[in-house]
Amino acid sequence: MTNPGPAPVAVRHLAIPPMDATMRTRFAPAPSGELHVGNVRTALFSWALARRHGGTFLLRVEDTDRSRVTDEAYAAALEILQWIGIDWDEGPGIGGPHAPYRQSERLAIYAEAADRLRVAGAAYPCYCTAAELAERREQARAANRPPGYDGRCRRLTADERAAFEAEGRTSVLRFWMPDGTTTWNDLVRGEITIDHANVPDFAITRSDGHPLYLLAAAVDDIAMGLTHIVRGEDLVTATPRQLALYAALGHPQDHWPAFAHLPLIIGADKAPLSKRHGEVSLAWYRSQGFLPEALANYLALLGWSPGGDREFFGEDVLLAEFDVRRVSSNPARFDIKKLEALNGDWIRSLTVEDLSSRIAPVLNDAGFTDVDLAMLLAAAPLIQIRMNRLTEAPELLHFLFIDDGAFAIEEAAATKGLGEGSEAVLRAASERLHALAEWTVELIEPAVWGIGELLGLNRKRTATPLRVAITGRMVSPPLFESMELLGRERTLRRIDRAAGIGG
RNA sequence: GUCCCCAUCGUCUAGCGGUCCAGGACAUCGCCCUUUCAAGGCGACGGCGCGGGUUCGAAUCCCGUUGGGGGCACCA
């Protein structure tokens, strides 16, 4: 008795579950590498959607492909999500009513589902080899036919199966896609209809029995009671398959989740974001001195806007106002310049205490291992308006935290800044500053300007030799504040030393 | 190739039929401030891809076209 195959369908999934506290959304990363900006934006939106309405957000790890997933990537993914401020109500580390939340620990559940589909005739064993499939794909492409699976193994008889197995062939379980159409009401794109003629049968298990993405995701979305699925645009054509699986698995249509397909983030040349466009992993941005607040702010802006002119906003605004139906449906280009500008705004919005605590580890990484925290606290305001990235701090504060023994004037700065006439400035400064009653900006500044007047030099020509002598650079934080921070001893020592070199 | 989706300054976007000869931000370029560099202030440059409709009226609605993106895996 051969399988007649599924009856034709005309799926119309237009209902949107209520956007209220009963909502359940998820982020389902496959930790095969570092989470990139696109993944994280999807997570951010899915999280914001649930939080906005007081619903539940869960994290599910799609790690069924053991050849691609590593424990390091898994741990890193969790960690980076936490870093940017995303928390989950159910998932790894927390548990929940549908635990476990790692698909690699739920294999038996998928195996049972796959078996049910096979017994019901909704899926069939397919004995085509990878090489055969690839070849037929090529032929189809060459003949301008759709390259998808051609349904060849749909109605194999028991004898034919036995023959294939005798040949030593292995089989995957392939889902028999019913003829017809699927229409759904996409939260960001509106009504989308796809003809199943363009949706070939697809594998739901590997030949080793391992579940594949579509199966595992469908089974879990049902089991975990998801109501709204936020994912990337790359999955829109997977939706008819997802819905067909729901139906075949017996999930009542009035419980199906709504879908929101986010536009992809692309590079400056409109090509998909990849390494070619610079780094894409979120961890890289963290290592480059970007604040989690700024990243979240920028990522939220890629495709969503709170409306009006507001662009600088935090988690509070996102969580209070995020509306998935306001998400733009066209691909957004990732612009690191804008991220940097936003990062600078965020740096400027921090208290000095907060800023200092974030700078400290960066200084440490740069080799300044025993930074005086009081000194850092005093220096932070000087550099706060001068940085767009935390990683700029070591360069800016180099003169202050470097060991005196290691301090050196950059060659270019010496050439440009310690030219003719500078020795006179340095010697006079040494003398006058030595005599100062108190080492404060209030006294240092007039003393230095007085030297300029005495020597007939403008402020720039007065300040530059001192700046170079003290900071070793042509560019530095404000001179007098820097001198005050450095202290009288160190300042005078550097001036005297430069006076010997310069002139 | 085919199916699906998309289309406002270089970029991200506001705009959801009249209040738009299109607003903001980033970038770029000037000017101001100024001891360097920034930050800040002011200003400039710059856009509704194209063609048809619908309408008294379109950036906003419809059709076509062009361009772009995505899918068509024993990846997810």
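Proteins get letters first, then strands, A, B, ... in listed order; numbering begins at 1 in each.
- Among the nucleotides rG24(B), rU13(B), rC5(B), the one closest to any side-chain atom of K338(A) is rG24(B).
- Comparing the P positions of rA14(B) and rG24(B) gives an interatomic distance of 15 Å, to the nearest angstrom.
- Side-chain contact check for R467(A) and T462(A): no donor-acceptor pair (N or O, by modelled atom type) lies under 3.5 Å.
- Between R231(A) and the phosphate of rG70(B), there is no side-chain N or O to OP1/OP2 separation shorter than 4.0 Å.
- With F202(A) as the aromatic partner, R174(A) does not meet the cation-pi criteria of under 6.0 angstrom to the ring centre and within 45 degrees of the ring axis.
- Nucleotides rU55(B) and rU65(B) place their P atoms 23 Å apart, quoted to the nearest Å.
- The residue R459(A) sits close only to the backbone: its heavy atoms come under 4.0 Å of sugar-phosphate atoms, none of a base.
- Taking the centre and axis of the six-membered ring of F175(A), the NZ or CZ atom of R241(A) falls outside the cone set by 45° and 6.0 Å.
- Of the side-chain N and O atoms in R137(A), one or more sit less than 4.0 angstrom from OP1 or OP2 of rA73(B).
- Between rC31(B) and rC45(B), the two C1' atoms lie 15 Å apart (nearest whole Å).
- Spacing of P atoms, rG49(B) relative to rU60(B), comes out at 8 Å, to the nearest Å.
- Listed pair S32(A) / rC75(B) fails the phosphate criterion, with no side-chain N or O lying under 4.0 Å from OP1 or OP2.
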